[in-house]
Amino acid sequence: MLPEAVDLAETRSEPARPVGRAHVLMVLGIVLVAAGYEIVVTNPVDHVRPAWLAATLGGPVVYIVGRIGLERVVFNRLSRRRLIGIAALAAVALPLAFTTPLIVATGALAVLLGMALADARQARDRPPEAPSPATTRPKRT
């Protein structure tokens, strides 16, 4: 849908910077998630360290922030479900700080699974959404 949103934009270069930023954030989030899960694999039952908690919970947050930016460009909206997901990850951070990396990863998984299920429920029995960027140029006839 991104190419369609770029085609609809007033200028093709207008969405370039936010799209690039969104993709950088999503890739950075994936790298942090990979680091967090490497910690889980190597130290599953150790006491969680603050840096480990930041990687395991912060990775999904960074990815979601990037995804919010991409949705803003393509659909011109701010997804409430994404904001709730970020808030949920922040809310579970303190209690999970006193557990193990395996439990932290399980908590992150539960929040992300909840977001995915909410997205699937919203999309059920609906046609695919069409892109609607903030600024559109008139269609050529």
Side-chain angles (χ1 to χ4, degrees), residues 1-140:
M1 290 186 214
L2 180 59
E4 293 175 42
V6 170
D7 284 343
L8 291 171
E10 286 183 11
T11 63
R12 287 180 182 248
S13 62
E14 187 177 334
R17 182 169 286 137
V19 166
R21 193 176 314 122
H23 279 91
V24 166
L25 286 171
M26 291 189 318
V27 169
L28 178 60
I30 291 168
V31 169
L32 285 170
V33 166
Y37 284 101
E38 178 66 24
I39 292 164
V40 171
V41 168
T42 57
N43 307 294
V45 294
D46 289 352
H47 181 71
V48 73
R49 298 179 187 166
W52 296 356
L53 186 69
T56 307
L57 295 179
V61 168
V62 172
Y63 179 86
I64 294 167
V65 169
R67 176 65 191 261
I68 287 171
L70 193 60
E71 286 182 7
R72 185 80 172 146
V73 170
V74 175
F75 300 112
N76 191 30
R77 69 164 179 238
L78 183 61
S79 173
R80 187 177 314 144
R81 289 183 305 277
R82 309 273 178 266
L83 295 175
I84 291 169
I86 291 171
L89 286 166
V92 299
L94 184 60
L96 291 177
F98 302 101
T99 64
T100 67
L102 183 59
I103 294 172
V104 173
T106 304
L109 174 66
V111 171
L112 295 174
L113 182 61
M115 285 177 50
L117 291 173
D119 284 349
R121 184 175 181 218
Q122 168 99 19
R124 185 180 36 204
D125 299 329
R126 291 186 179 182
E129 189 174 2
S132 57
T135 55
T136 58
R137 63 177 169 211
K139 290 188 178 184
R140 293 181 216 158

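The chain is numbered in sequence order, starting from 1. As the structure is a computational prediction, the values presented were derived from the model and not from experiment.
- Atom CZ of R72 sits about 12.5 Å away from atom CZ of R21, to the nearest 0.5 Å.
- Taking CE from M115 and CD1 from I64, the interatomic distance works out to 4.0 Å, rounded to the nearest 0.5 Å.
- The minimum heavy-atom distance linking T56 with A108 is given by the pair O-CB, 4.0 Å.
- For R77, the CZ atom sits in a packed shell: over 12 heavy atoms of surrounding residues, nucleotides or ligands are nearer than 6.0 Å.
- When all heavy atoms are compared, the tightest approach of P60 to L89 is CB-CD1, 3.8 Å.
- Atoms CG and CD, on N43 and E38 in that order, are 9.0 Å from each other to the nearest 0.5 Å.
- Here CD1 of I68 is found 11.0 Å from CZ of R81. Values are rounded to the nearest 0.5 Å.
- With rounding to the nearest 0.5 angstrom, the CD atom of Q122 is 8.0 Å from the OG atom of S79.
- L96 and V104 make their closest contact through O-CG2, 3.5 Å (heavy atoms, listed as atom of the first residue, atom of the second, distance).
- One finds the CG atom of L57 at 14.0 Å from the CH2 atom of W52 (value rounded to the nearest 0.5 Å).
- When every heavy atom of H47 is checked against every heavy atom of F98, the shortest pair comes out as CE1-CA, 4.0 Å.
- The two atoms that bring D46 and P101 nearest to each other are O-CD, 2.9 Å, heavy atoms only.
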- Residues D119, R82; criterion side-chain contact (heavy atoms from CB on, under 4.5 Å); working and verdict: CA-CA 10 Å; D119 284 349; R82 309 273 178 266; 2.9 Å; yes
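- Of all heavy-atom pairs spanning A105 and V40, the tightest one is CB-CG2, 3.6 Å.
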